[in-house]
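Remarks on the structure that follows.
This structure is a prediction, so every number in the text was calculated from the model and none was measured.
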Amino acid sequence: MITPILLCGGSGTRLWPLSRKSYPKQFTSMIGSESLFQSCARRFFGAGFQPPLVVTADDFRFIVNEQLDDLGILPSGVTIEPTGKDTAPAALLGALQVLRKNPRGLILLTPCDHAIADPKMFRKAVLNGVPAAQDGQIVTFGIQPTRPETGYGWLLAGEETHPNVQKLVHFVEKPNANTVQALYDNKQCWWNSGVFLCRADVLVSAYKTFAPDVLETVQSAIDAATPDLDFTRIDPDIWERVNAISIDYAIMEKAQNVSVVRFDGAWSDLGSWESVWQETPKDKNGNGLSGSTTALECENTLLRSESDQVELVGIGLKNVVAIAMRDAVMVADISDSQNVKTAVKTLQAQNIPQSTQLPVDHRPWGWFETLTLSDRFQVKQIHVKSGGILSLQSHAHRAEHWVIVEGTAKVTLDGKVQLLSENQSIYVPLGAKHRLENPGNAELVLIEIQTGSYFGEDDIVRYEDKYARMVNA
């Protein structure tokens with residue numbers, strides 16, 4: 001039985017403006033109806049696999065549980081990284097937890113932002129690697145290249161060590177345009193998927209040899225971990241001392257017991273808008289269209305509208321990517337889409353909110369969207385899922401007016417409890433203790449009008465909270 005360790009704490013800035021720090025690409029529906037995280041969890045669920053162990057960031061913990069719950073998957077655990085430290089510490093967090101239960105247990109380290117068209121075929125490739133992993137090999141998975149791609153790392157494979165398994169000769173960094181063609185022409189060179197299968201004790205031993213400082217600090221941090229609802233919260237003070245490093249640099253490029261299994265199916269890490277265009281169904285002119293879009297005289301172009309209120313029209317475009325959100329639009333030459341990350345850094349340096357924050361803010365009880373914001377008022381659309389309960393709270397700088405438009409609301413206001421239905425409203429004065437709940441089976445939708453001098457989410461004093469979130473945060 002293999003324990004999938006799902007690594008999903010990244011920020012995904014290369015797919016801005018759809019992917020942002022507040023809600024990165026792994027939790028969005030980039031290709032198909034499911035999120036990339038959900039597709040990954042489903043890919044490694046069922047016969048041959050233990051329930052997944054998830055390593056994620058604090059801001060995403062409830063998103064993880066909600067998306068797994070939608071699939072009917074109960075994880076074996078969700079571990080919270082206090083801050084992102086790249087893949088080597090995150091992978092070790094999962095490996096150490098499996099090691100406690102079964103030192104020789106097999107683990108599958110996988111990012112959650114890959115698009116794989118044939119999950120059964122990839123599972124078969126993983127199972128092909130099991131005998132080598134049981135024999136002490138660290139097995140990675142090479143992707144049959146379809147083009148001389150400079151955006152991926154590459155693998156050079158050697159002689160066969162087990163059926164369908166070859167020795168890894170060495171990793172190749174992302175090549176430049178002058179060298180990538182030679183890699184593509186070499187039939188023993190494949191793209192690096194970044195997915196690894198091995199025994200827990202083998203991986204931990206590799207850390208002991210090649211990254212003992214990472215092992216020591218991560219072990220201390222997890223030994224000091226505390227439970228928080230259904231989550232394992234890593235000690236933040238110890239974690240701060242962990243060196244940020246990728247597992248490729250820390251372990252894989254140094255280890256001698258690395259093997260590779262080739263995967264011939266379609267695969268993409270969706271690391272740029274160009275790669276999204278490559279995976280998107282296209283019209284006869286090579287245009288990938290998504291949402292409310294119209295293409296006139298366009299060729300090899302990606303048009304994607306993420307709002308029903310925004311009609312995106314392309315006229316005479318060639319090799320262009322255009323992404324329209326309600327609060328941001330990005331247009332680029334499709335060959336320059338790797339530079340989106342640089343654009344995001346530029347926006348962050350100017351403290352532009354759209355650089356990191358989506359207009360939709362997801363919470364454990366549901367979500368809200370800011371419809372308009374000015375100096376003296378803010379209007380939000382709030383959706384509370386069935387059984388969702390907001391914290392008992394108060395505000396020092398704003399009053400609130402709630403208008404129920406769908407469902408039934410249970411409102412607590414200064415100790416008094418009442419039910420409100422569609423077309424009813426209530427006023428929450430500044431400083432009043434209040435709580436909103438959805439006691440019904442259908443979603444609760446309301447419009448909230450805030451008036452006052454300050455509307456930041458830090459103007460919340462929490463007295464009780466079902467989800468154990470921090471007071472005053």
Can H434 and D414 be counted as having a side-chain donor-acceptor contact under 3.5 angstrom? no

Do NZ/NE/NH1/NH2 and the carboxylate oxygens of R326 and E306 come within less than 4.0 Å? no

Check this for me, if you would: do D118 and K120 make a salt bridge, where the nitrogen-to-carboxylate-oxygen distance has to be below 4.0 angstrom? no

Taking NZ, NE, NH1 and NH2 as the nitrogens, is one of them in R100 or D223 under 4.0 Å from a carboxylate oxygen of the other? yes

Check whether any side-chain heavy atom of N438 sits under 4.5 Å from a side-chain heavy atom of T408, and report yes or no. no

Value for CZ (R363) from CG (L390), rounded to nearest 0.5 Å, stands at 9.0 Å

Only one of T56, L93, I234 passes side chain to side chain contact (heavy atoms under 4.5 Å, CB included) with E81, and that residue is L93

Intermediate values then yes/no, side-chain contact (heavy atoms from CB on, under 4.5 Å), V139 and C198: CA-CA 6 Å; V139 181; C198 61; over 6 Å; no

Return yes when atom OH of Y249 has more than 12 non-hydrogen atoms of other residues, nucleotides or ligands closer than 6.0 Å, and no otherwise. no

State which residue, out of W191, F122, F141, fulfils the ring pair (Phe, Tyr, Trp, His ring centres under 6.0 Å) condition with F263. F122

Do E240 and T83 come within less than 4.5 Å of each other through their side chains, counting heavy atoms only? yes

Evaluate the ring planes of Y23 and F27, with Trp represented by its six-membered ring, and classify them as parallel (under 30°), tilted (30 to 60°) or perpendicular (over 60°). tilted

L215 versus D213: any side-chain heavy-atom pair under 4.5 Å? no

Assess, by modelled atom type and distance only, whether the side chains of S421 and Q424 contain a donor and an acceptor separated by less than 3.5 Å. yes

Within 6.0 angstrom of Q348 CD, more than 12 heavy atoms from elsewhere: yes

For atom NZ of K254, decide whether the heavy atoms of other residues, nucleotides or ligands shown that lie under 6.0 angstrom number more than 12. yes

Just wondering, more than 12 heavy atoms not from K410 lying within 6.0 Å of its NZ? no

Given side chain to side chain donor-acceptor pair (under 3.5 Å), test Q378 with T370 step by step and report yes or no. CA-CA 7 Å; Q378 179 174 214; T370 299; 3.3 Å; yes

Could you tell me which residues satisfy salt bridge (Lys or Arg N to Asp or Glu O under 4.0 Å) with R42, sequence neighbours excluded, listed by chain and number? E34

Donor + acceptor pair across side chains of S307, Q309 (<3.5 Å): no

Check: Y152 and W267 side chains under 4.5 Å, non-hydrogen atoms: yes

Report yes or no: do T79 and Q97 form a side-chain donor-acceptor pair below 3.5 Å? yes

Could you walk me through whether V340 and L15 pass the side-chain contact (heavy atoms from CB on, under 4.5 Å) test, one step at a time? CA-CA 7 Å; V340 173; L15 292 182; over 6 Å; no

Side-chain contact test, heavy atoms from C-beta onward, threshold under 4.5 Å: evaluate it for L436 versus I389 and give yes or no. no

Side chains of D86 and N243, donor plus acceptor under 3.5 Å: no

Is any side-chain heavy atom of M252 closer than 4.5 Å to one of F196? yes

Stepwise side-chain contact (heavy atoms from CB on, under 4.5 Å) test for L302 and V276: CA-CA 8 Å; L302 177 66; V276 174; 4.2 Å; yes

For S35 and Q67, does a side-chain donor sit closer than 3.5 Å to a side-chain acceptor? yes

Run the side-chain contact (heavy atoms from CB on, under 4.5 Å) check on I426 and L413 step by step: do they pass? CA-CA 10 Å; I426 192 169; L413 181 59; 4.1 Å; yes

Side chains of Q137 and S259 only: does a donor on one sit below 3.5 Å from an acceptor on the other? yes

Pair K380 + E457, salt bridge at N-O below 4.0 Å: yes

Between the side chains of Q450 and E448, does any donor sit under 3.5 Å from an acceptor? yes

Heavy-atom check, side chain of N257 versus side chain of I138, under 4.5 Å: yes

Is any NZ, NE, NH1 or NH2 atom of the basic residue among D230 and R61 found under 4.0 Å from an Asp or Glu carboxylate oxygen of the other? no

Any side-chain heavy atom of E66 sitting closer than 4.5 Å to one from F62? no

Please determine whether side chain to side chain donor-acceptor pair (under 3.5 Å) holds for the pair S394 and Y463, giving the CA-CA distance in whole Å, both sets of side-chain angles, and the decisive distance to 0.1 Å. CA-CA 8 Å; S394 66; Y463 304 96; 2.8 Å; yes

